[in-house]
**Q** 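Have a look at the structure that comes next, please.
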Amino acid sequence: MAPTNSDIWAQSIMCNDNMRRRFNDEQIKSLENMFETESRPELRTKQQLAKRLGLQPRQVAIWFQNKRARSKSKQLELEYRMLQISYDNLGSEYELLKKEHESLLIQLQRLRKLMEKDEKDVIKSETEVKQDDFGLPLCEDSRGIDYLGPESDILDMAQIADGLSEIENGYNFESRTFLHDNTACTSPLWEF
């Protein structure tokens, strides 16, 4: 009876399992030490290592190839975890900044409303006429000048009246003499 495809396949698996040997602890330790110093050893180095460990050079070459693949896979996993942590941190920061942004927008709206209210109050106060205690309109001077000043600066009405009477006594204000008298035009009216 002729062997079937499944029989051939089963025999090849058994042969591969027989050819495949596990490395002992000493061999693995030596291979690991070599990998730490050089992850891609030259052909001659692999042959010497295989001879010293009692292995086939092909076994040593495959072990290094597999070790590089596992190391690369572990490195990628580590980088992925680091990137995941960074991504999570950035996501948290983004959410905090988003909340802060919303809070600032609310504050901005409140400030705009306050400014609009203040502008309306200013316009309203500018259009209103302020009145004193007697209901008379007050005149505001933005220059801050005190026109009345302290009481000591107020002129004594009696002094003013005396000054006018002295002037009247020195000059004749009758219209007919004033117009006809040439000295009235040339003499100074106010002498101090």
Side-chain angles (χ1 to χ4, degrees), residues 1-131 138-146:
M1 181 165 173
T4 63
N5 285 339
S6 61
D7 291 335
I8 296 172
W9 186 73
Q11 284 178 350
S12 70
I13 290 176
M14 288 186 348
C15 287
N16 286 339
D17 283 345
N18 290 338
M19 291 174 52
R20 181 194 258 189
R21 290 189 331 194
R22 301 250 178 222
F23 298 110
N24 63 32
D25 291 340
E26 184 182 319
Q27 290 169 331
I28 292 175
K29 192 174 185 180
S30 293
L31 289 168
E32 291 282 345
N33 287 338
M34 180 63 148
F35 185 81
E36 286 177 15
T37 59
E38 191 174 355
S39 65
R40 292 187 178 273
E42 293 181 11
L43 180 61
R44 179 179 280 180
T45 309
K46 285 188 240 181
Q47 288 173 344
Q48 290 172 352
L49 187 60
K51 189 175 188 180
R52 193 179 76 205
L53 297 175
L55 299 169
Q56 295 292 321
R58 178 87 179 125
Q59 287 177 302
V60 172
I62 290 173
W63 185 91
F64 273 94
Q65 184 179 2
N66 290 341
K67 181 68 173 176
R68 284 191 301 269
R70 285 190 301 267
S71 293
K72 186 175 182 180
S73 181
K74 285 182 182 180
Q75 182 66 29
L76 287 174
E77 286 177 25
L78 179 65
E79 288 175 5
Y80 175 79
R81 279 191 228 128
M82 298 299 287
L83 287 172
Q84 186 67 42
I85 290 169
S86 294
Y87 176 79
D88 292 341
N89 288 340
L90 286 173
S92 298
E93 286 180 32
Y94 173 77
E95 289 300 320
L96 289 173
L97 289 173
K98 189 176 175 182
K99 287 178 183 178
E100 184 179 353
H101 180 258
E102 290 170 359
S103 173
L104 289 172
L105 284 176
I106 291 169
Q107 288 180 3
L108 182 63
Q109 288 174 348
R110 287 180 185 160
L111 288 173
R112 284 183 178 159
K113 286 179 183 178
L114 283 173
M115 284 179 53
E116 287 174 5
K117 182 182 175 198
D118 287 346
E119 287 176 2
K120 288 178 184 177
D121 289 346
V122 167
I123 291 170
K124 184 179 177 184
S125 67
E126 287 176 354
T127 57
E128 289 178 356
V129 177
K130 295 184 181 178
Q131 298 177 346
L138 290 175
C139 179
E140 291 187 20
D141 189 354
S142 63
R143 295 175 292 176
I145 299 172
D146 186 8

**Q** Has Gln27 got a side-chain atom pairing as donor or acceptor with Asn24's backbone, closer than 3.5 angstrom?
**A** yes
**Q** Contact between Leu49 and Phe64 at the side-chain level, heavy atoms closer than 4.5 Å - yes or no?
**A** yes
**Q** CG/Leu53 to NZ/Lys29 distance, rounded to the nearest 0.5 angstrom?
**A** 13.0 Å
**Q** Sort out for me which residue in Arg44, Gln48, Gln47 forms a side-chain contact (heavy atoms from CB on, under 4.5 Å) with Pro57.
**A** Gln47
**Q** From Arg70 CZ over to Gln75 CD, what is the distance, rounded to the nearest 0.5 angstrom?
**A** 15.5 Å
**Q** With rounding to the nearest 0.5 angstrom, report the NZ to CZ distance, Lys46 to Arg40.
**A** 9.0 Å
**Q** Do Glu93 and Asn89 meet the criterion of a side-chain donor-acceptor pair at a distance under 3.5 Å?
**A** no
**Q** Is Arg110 close to Ile106 at the side-chain level, that is, under 4.5 Å between some pair of heavy atoms?
**A** yes
**Q** Are the charged groups of Glu77 and Arg81 less than 4.0 angstrom apart, N to O?
**A** yes
**Q** Over all heavy atoms of both residues, which pair between Arg68 and Phe35 is shortest? Give the atoms and the distance, please.
**A** CG-CE1, 3.6 Å
**Q** Measure across Phe23 and Leu55 and return the closest heavy-atom pair with its distance rounded to 0.1 Å.
**A** CE2-CD1, 3.3 Å
**Q** May I ask you to decide if Met82's main-chain N or O and Ser86's side chain share a donor-acceptor pair within less than 3.5 Å?
**A** yes
**Q** Would you check if Lys98 and His101 make a side-chain contact, meaning some heavy-atom pair closer than 4.5 Å?
**A** no
**Q** Counting distance only, does the side-chain N/O of Ser103 pair as donor-acceptor with the main-chain N or O of Lys99 below 3.5 Å?
**A** no
**Q** What is the distance from atom CG of Asp25 to atom CD of Glu32, rounded to the nearest 0.5 Å?
**A** 11.0 Å
**Q** Of the non-hydrogen atoms in Glu42 and Glu38, which two are nearest, and what is the gap between them?
**A** N-OE2, 4.0 Å
**Q** If you measure from CG on Leu31 to CD on Glu26, what distance do you get to the nearest 0.5 Å?
**A** 10.5 Å
**Q** Quick check on Arg112: does its CZ atom have over 12 non-hydrogen neighbours (other residues, nucleotides or ligands) under 6.0 Å away?
**A** no
**Q** In Å and rounded to the nearest 0.5 Å, what is the CG to NZ distance from Leu78 to Lys74?
**A** 11.0 Å
**Q** How about Glu79: does its CD atom have over 12 heavy atoms from other parts shown lying under 6.0 Å from it?
**A** yes
**Q** Indicate the atoms forming the closest heavy-atom contact of Met34 with Thr37, along with that distance.
**A** O-OG1, 2.8 Å
